[in-house]
Amino acid sequence: MAVELCLLLLLLFCGSTVSEVQPIYKPPPGTLDFGFVPSKTYDTGAYHEPGPIGILFKIVHAFLYLVQPNPFPQDLIRKVAQQKFGNTQGDYQKPENVVLTLQAIYYEIGFIVSAALGLLFILLLPLVGLCFCMCRCCDNCGGEMHQRQKKNADCQRSCFATFLFVASLIISIGVLCAYAANQHLTSQVRGAKKLVNSNFKDLKVFLNDTPAQIDYLVSQYNTTKDKALSDLNNVGPLLGSRVQEQLGKEVRPALDAALTMAGAIRETKEALENVSVSVEVLQEGTERLHANLTDVKMHLSNTLNDSACSAAQAASTCNIIRNSLNQLNINANFSGLPGVSSQLAKVNDVLKIDLSSLVQKGYAAFNDTPDLVVNQTKNILSDIKNVLESIGSNISSFTKTLPVQKILADLTIYLTQSEAYVQDYFPLVEQYDFYRWLGCLILCCMVVLIVVFYYLGLLCGTCGYDKHASPTTRGCISNTGGNFLMAGVGFSFLFSWVLMIVVVLTFVTGGNVEKLVCEPFEDKTLFKVLDTPYLLNQQWKNYLSGMLFKNPNINLTFEKVYSDCKENKGIYTSLHLEHLFNINEFLNISMYTEDVALRIEHIQINLSKIILLDEIGKENLLNFSSSGIDGINFGAYLTEINKSVTKVDLLSFANDLEARADQLPKGALENALKGHANNIRMIHNQQVVPLEQAMSTLNQSIRLLKRTSSELMVKVKNVVSAVNAAQLLINNNASLVIVQETKKYMDTIVGYFEQYIDWVKESIAMEVAACKPIANVIDTAVDIFLCSYVTDSVNTFWFGLGGSSIFLIPAIIFAVKLSKYYRRMDTEDVYDDSVEQW
């Protein structure tokens, strides 16, 4: 038991020392699987099922409740046990003692009255029998062999025979109950050897299994240690990743912003190139388009001047067409847009430095944090591993110094000697039980002998009775029946008082054992009496703790120990063995835990080698902010971009021209106008469509540049400031983050030991040295053997024998009365016929 306490306090001390430097935050550690404490099944089932005879036991219990309905007198027993009677001559005359005596008499009044009636039976029945015999010898009390004739003689004889048969039947049932109880007790005593052996076997298993359970608890320290060592070996992924995660909350957004800005620089370059090319394309295209549209207008004007347009049918149509020629002209003028060549040149200078590559180097350096942590904590973690190994070695060596094996060996020897003693004396118990069985059998035979005489008397008397025969001429069989009845009466007077003596003695003893031991044991009231302070020892408040620990102030009670063992809890918890061992006297590991705590506090991990973005990258960002893209006249560009290429949609114009040509008379004018319409369509497809595409590209690029240039200087400064702040965090404040995460990391490792501590607590409380066999021994001795085997059987024996003895009285009366009708009389009543005729 000392080992469990040793482990418990050792780990608690270790955990509490380390936790002094832990932060409030406590991450939930991984769950460890310690398996199941090895244990064996106990064979003894401390429960007895009496079988069919249990019905008789319940009847007897009900009868005892009628005799003694009072509850268990706890206070009375406590007071009686605490009083000292007989020390002085006047002790019994003290008022308090007189009151206690009267309370005891009141509680036992049922037994006292019943025993008094039994004693009266014992005294009076032999005396009555003696007087009855003397009276009959004087030819009185039915001794005169003369029977007077009565008109209701047959009715009386039948009634007496019926009453005697019923009484004999009840006596027979009573003696059968007594015989069954006698046999039950004998069979249970003979079978008790198996139950005793089962209890001894369980106790041996209890003692032999305990060292293996202790060794298992000790060995499971390796599970905890291996898990802790695994976490220490993975300090990079665990601790380094935690540090990286905490720092990454500021570092990663800063690097992401710088990387985004690098992408923005590349997009700006592409946009500037697109603007430059698009403007050049638009300028050239609009000039060529203007020239072509001018030619179209000139040729259309020449066609409309033809004489055919002077005709009445074509004049109006020609005038409409002539008036719409002014729409054939360009709408947007790109020749006046400013160039972006200077901005493009500056951006190209910025792109000579690969900013994305510099940012990726920062990412790579930051991602190497776990490796830096591993390299810079090798020595400290190695020392912590050594401490863990030392603790494990100290636990193993300490368990070897405890005298557990010697204690268990001594208990095993004592148990073996006790078993041998029981085995040696059990034949003697069986022998005495045989004597008891034989004595009880003789008592039953006495009753059986009486009942047999009554049954034979009834049989012979009934079968041999001739109602036509006179009393002096009755047959031999009838006369023999009467003699059997009188023999039964004689043996009843001889044996009844002996039977009643046995009944009274067993009744008083067995009834009080049932009421004062068995019933209070079943509801644990008996334990409450035993746990009364200063009852068993006037100097000790708690007798059990005083006996075990020599410290009666420890709250250790019989009831609690029995209940815990009944629930199969560990004996360490049940007996409060923590008061027997002091781990600090044997092992002091404070120097190890203090050293671990000191090393944890002084862990310093230097991350200053991590460069997120060098000065060249920062200068590159600043150069981009001063590239001048924010000086571009975006309004001028957007004004022209929002215009259409031509004043009129050339396709619509061409379709309208062709429709009007269809209104003209068939001829050269119609064909010429349709030719001009087709020419306009061709201009639209070949020149206007490419210009619209170039305008779309220019529109997208200009808007991108406008968004990028919006507060560009502020954006770049924010990016640079974020990178500088992240770098400052790594260089100056990373140590605080490292210490916090290191403590959390150590909390996780210590959490494994706390799991081990909780598991050891639970195992010691519920599984290690589970004391169910101790409760089984008590249950076997009291509940099964004393109460179920002995007391119930004895109570059933006196109940049956007592009932038979009581019914001997009416049986005697009816037998004496009935024998007069069966026996042959010497004289009879004679009637004179002459007198009768007269």
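Reckoned from all heavy atoms, side chains included, excluding hydrogens, waters and symmetry mates.
Residues Q423 and N197 bring a donor and an acceptor atom of their side chains to less than 3.5 Å of each other. The closest side-chain donor-acceptor pair between D792 and H61 falls under 3.5 angstrom. No side-chain donor-acceptor contact under 3.5 Å links T557 and Y562. When only modelled atom types and interatomic distance are considered, S492 and Y454 share a side-chain donor-acceptor pair under 3.5 Å. Checking T780 against N199 by side-chain atom types alone, a donor-acceptor pair falls below 3.5 Å. Looking only at atom types and distance, the side chain of Q417 has no donor-acceptor partner in the side chain of Y421 under 3.5 Å away. No hydrogens or angles considered: a donor-acceptor pair under 3.5 Å links the side chains of Q68 and N70.
Under a 3.5 Å cut-off, the side chain of S563 and the backbone N or O of K560 do not form any donor-acceptor pair. Looking only at distances, a side-chain donor or acceptor of S545 sits under 3.5 Å from a matching main-chain atom of N542. Here the side chain of T506 pairs a donor or acceptor atom with the backbone of V503 at under 3.5 angstrom.
Contact annotation: the side chain of P50 approaches that of I53 to within less than 4.5 Å [non-hydrogen atoms, C-beta and beyond]. Two residues are said to be in side-chain contact when any heavy atoms from C-beta on lie closer than 4.5 Å; I784 and L195 meet this criterion. Annotation: side chain of T412 is not in contact with side chain of K204 (no heavy-atom distance under 4.5 Å). A heavy-atom distance below 4.5 Å is found between the side chains of L499 and L443. At least one side-chain heavy atom of I77 sits less than 4.5 Å from a side-chain heavy atom of F72. Proximity of L818 to Q156: side-chain heavy atoms (C-beta onward) are nowhere separated by under 4.5 Å. You'll find the side chain of L485 stays beyond 4.5 Å of the side chain of V489, heavy atoms only. Counting heavy atoms from C-beta outward, V196 and F785 have side chains that stay 4.5 Å or more apart.
Heavy-atom neighbours of K817 NZ from other residues, nucleotides or ligands within 6.0 Å: at or below the threshold of 12. Summarising the local packing, CD1 of I55 is surrounded by 12 or fewer heavy atoms from other residues, nucleotides or ligands at distances under 6.0 Å. Surrounding CZ of F807 are at most 12 heavy atoms belonging to other residues, nucleotides or ligands under 6.0 Å away.
One distance of note links CH2 of W798 with CG of L505; it measures 13.0 Å at 0.5 Å rounding. We find the CD1-OG distance between I809 and S496 to be 7.5 Å, quoted to the nearest 0.5 Å. Atom CG in D779 sits 4.5 Å away from atom CZ in F521 (nearest 0.5 Å). A distance of 12.0 Å separates CD1 in I59 from CG in L64, rounded to the nearest 0.5 Å. A distance of 6.5 Å separates CD in E514 from OG1 in T791, rounded to the nearest 0.5 Å. Of the inter-residue distances, the one linking N568 atom CG with I774 atom CD1 reads 10.5 Å to the nearest 0.5 angstrom.
Listed by first and then second residue, the ring-ring contact (aromatic ring centres under 6.0 Å, His included) pairs involving residues 477-500 are F132-F493, F453-F484, F453-F491, F491-F495 (not counting sequence neighbours).
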*Take E430 and Y425 through the test side chain to side chain contact (heavy atoms under 4.5 Å, CB included) and record every step on the way to the result.*
CA-CA 9 Å; E430 290 182 335; Y425 279 89; over 6 Å; no
_Applying side chain to side chain contact (heavy atoms under 4.5 Å, CB included) to F558 and L536, what does each step give before you reach the verdict?_
CA-CA 12 Å; F558 289 100; L536 301 179; 4.1 Å; yes
*CA sep, side-chain torsions, deciding dist, call: Y455, V451, side chain to side chain contact (heavy atoms under 4.5 Å, CB included)*: CA-CA 6 Å; Y455 282 136; V451 174; 2.9 Å; yes
_Derivation and outcome, side chain to side chain contact (heavy atoms under 4.5 Å, CB included), residues N182 and S793_ = CA-CA 7 Å; N182 187 38; S793 298; over 6 Å; no
*Begin with the C-alpha distance, continue with both residues' side-chain angles, and end with the deciding distance and a verdict on ring pair (Phe, Tyr, Trp, His ring centres under 6.0 Å) for Y534 and Y543.*
CA-CA 7 Å; Y534 310 107; Y543 179 80; over 10 Å; no
_Does K528 form a salt bridge (Lys or Arg N to Asp or Glu O under 4.0 Å) with D531? I'd like the steps, not just the answer._
CA-CA 5 Å; K528 295 180 181 179; D531 291 329; over 6 Å; no
*Does the salt bridge (Lys or Arg N to Asp or Glu O under 4.0 Å) test come out yes or no for D433 and R190, once each step is laid out?*
CA-CA 9 Å; D433 180 69; R190 291 176 181 176; 5.3 Å; no
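F814 has its ring centre less than 6.0 Å from the ring centre of F163. Under the 6.0 Å cut-off for aromatic ring centres, Y179 and H184 do not qualify, their centroids lying 6.0 Å or more apart. Between F200 and F206, the ring centre distance reaches or exceeds 6.0 Å.
Between C177 and L56, the shortest heavy-atom contact is SG-CD2, 3.8 Å.
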